Protein chains: 2
Amino acid sequence: MSFDARIRAAIEGDIRSGALRPGDRLPSEHELAAHHGCSRATVSKAMAALHRAGLIERRRKAGSFVADQHVHSAVLEVPDLEQLIAARGHAYRWHCRERRQDGPELHVEGLHFENGTPLAFETRAITVATVPDAAAESFAEVAPGTWLLAHIPWTSARHRILAAGATSVEAEALGVPAGTACLILERSTWRGDAPVTTVRQVFRGDMFDMVAHFEPSPR
Amino acid sequence: MSFDARIRAAIEGDIRSGALRPGDRLPSEHELAAHHGCSRATVSKAMAALHRAGLIERRRKAGSFVADQHVHSAVLEVPDLEQLIAARGHAYRWHCRERRQDGPELHVEGLHFENGTPLAFETRAITVATVPDAAAESFAEVAPGTWLLAHIPWTSARHRILAAGATSVEAEALGVPAGTACLILERSTWRGDAPVTTVRQVFRGDMFDMVAHFEPSPR
DNA sequence: TGGATTATTATGTCTAGACATAATATCGGA
DNA sequence: TCCGATATTATGTCTAGACATAATAATCCA
């Protein structure tokens, strides 16, 4: 086990066990280096990792302190649906219901199938100015999400997760009664300041949920 | 701007612009160090950050490569409801509907109010063996989530987010029609291998959604 | 030619310093 | 006593090396 990992484990253990409580000051990096018999750079690396994990706060001159545990911040993986379904070992199919150019935006609407059953109804707008190649793509064969992943890198994204009853259009497309509770994922993606795409995916609630894990230990 | 940040920005820019494509090999750390006029340790730090952000893969002997962009992994903040409502500047209140000891578990059921309106219906099980102090707590005044945050640190958590129609009990508690689409958050928390608590929160869909952001740039 | 050994290479981790920076504590003067 | 200048301290970033480790490439022998 590396010094780095050992120091992190020692401090995290002290925090978890309650030996160090939120607000407590940790020994200085010099002291920790002397105590663990390693250099300060190594201690600093461990402290940076603990800080990233949200376990400690670092303040110049003042020192490092055990952070308040206040938020569960979990890493949510939002995979491309084709990859998700493939990873489940199921058959994936995309069906495009509509594609129309609407001024500066290309609107695409369609369904994602898992083993022949509709899993999600997708409504998407693609900003053609940011993704000029999209104008030449029919999206009949390949889902726009999959195509975009391969054609343009994003720099930031915003996700919104909500629940709502299926509208009549969504319900008909998914083959469920209108008003059925559905998980909805809305995602907007940018490349720098330029908008790339905005997508709304309505999931059949009985076939999909989202899972997020939280492990404070940094890698 | 530090060398670290400058190197990261340069490489990220090359990836975003398409100058470097997924699978491409980056220059070796020695070459990057020479090119940027800094030491290899600094380059290595920048590469570690890019790796954490999922932009590159690193393989010994082989070098570093631009990673495939395949998953949107976003950081989901799951705050304590009391803190969330306080942050919105609204009044928070907890109402305990039931508290009963059921073998090794303490079951608590209640409502979270925002400005006097029920926001979430909570059903929780606390493992008394892991949190012995909980046996002496009534949870009449303080919500179990808030209490647990202050009394026991967790080491890992698993979140599940789904949508479902409100059951008659949930609907009555929340004051919405039965079957109303609700966002549901289920969270299980452990301390090491010991289970701490499992909670299910049913949210009034019209008052709550979850937002997650994704910024690949490491801090 | 095939397979095992050896050399090479790039990352992974670490050291023992250095200077920069920001926040606090202390002290001197008005 | 209050205020401002100064000293101190802990983190933040960096250097120029070092050795470890793992994966590939080259080599040598059967």
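Each chain gets a letter, A, B and so on, in the order the sequences are listed, and its residues count up from 1. These numbers come from a predicted model, not from an experiment.
Proximity note for B:C38 (side chain, C-beta onward) versus D:dC14, D:dT11, D:dT15: the nearest is D:dT15. In the set D:dT13, C:dT11, D:dT15, D:dT13 carries the atom at the smallest distance from any side-chain atom of A:S44.
Phosphate proximity of C:dT13 to A:K45: present, with a side-chain N or O under 4.0 Å from OP1 or OP2. Side-chain N/O atoms of A:R58 include none lying less than 4.0 angstrom from OP1 or OP2 on D:dA10. Within the 4.0 Å cut-off from OP1 or OP2 of C:dG17, not a single side-chain nitrogen or oxygen of A:S39 is found. Between A:S28 and D:dT9, a side-chain N or O to OP1/OP2 separation shorter than 4.0 Å is absent. Close to C:dT15, at under 4.0 Å from its OP1 or OP2, lies a side-chain N or O of A:T42.
Nearest-nucleotide positions on DNA chain C place B:L26 closer to the 5' end than the other of B:L26 and A:A41. DNA chain D is contacted by both B:A62 and B:A5; B:A5 maps to the nucleotide lying nearer its 5′ end (nearest heavy atom per residue). Nearest-nucleotide positions on DNA chain C place A:V43 closer to the 5' end than the other of A:R40 and A:V43.
Rounding to the nearest 0.5 angstrom, the gap separating the CD1 atom in A:I15 from the CG atom in A:L55 is 5.0 Å.
Atom pair B:R8:CZ and D:dT13:C1' shows a separation of 12 Å (rounding to whole Å applied). When rounded to the nearest whole Å, the span between CZ of A:F65 and P of C:dT24 equals 9 Å. Between the CZ atom of A:F3 and the P atom of C:dT13 there is a distance of 14 Å, rounded to whole Å. Remark: C1' of D:dC19 and CZ of B:R60 are 12 Å apart, rounded to the nearest angstrom. In this structure, CD of B:E31 is placed 7 Å from P of C:dA10, rounded to the nearest angstrom. Straight-line distance from the CZ atom of B:R25 to the P atom of D:dA23: 16 Å, rounded to whole Å. Following rounding to the nearest Å, A:K61 (NZ) and D:dT6 (P) show an atom-to-atom distance of 18 Å. Taking atom NE2 of residue A:H51 and atom C1' of nucleotide D:dG12, one finds them 12 Å apart after rounding to whole Å.
A donor atom on one side chain and an acceptor atom on the other are found under 3.5 Å apart for B:E82 and B:T146. Under 3.5 Å, the side chains of A:T42 and A:D4 contain no donor-acceptor pair of N or O atoms.
The pair A:E114-A:R88 meets the salt-bridge criterion, since a charged nitrogen lies less than 4.0 angstrom from a carboxylate oxygen. A salt bridge links A:R58 with A:E29: the distance from a Lys NZ or Arg NE/NH1/NH2 to an Asp or Glu carboxylate oxygen falls below 4.0 Å.
In terms of polar N and O atoms assigned as donor or acceptor, the side chain of A:R59 never comes within less than 3.5 Å of the base of D:dG12 in a complementary pairing.
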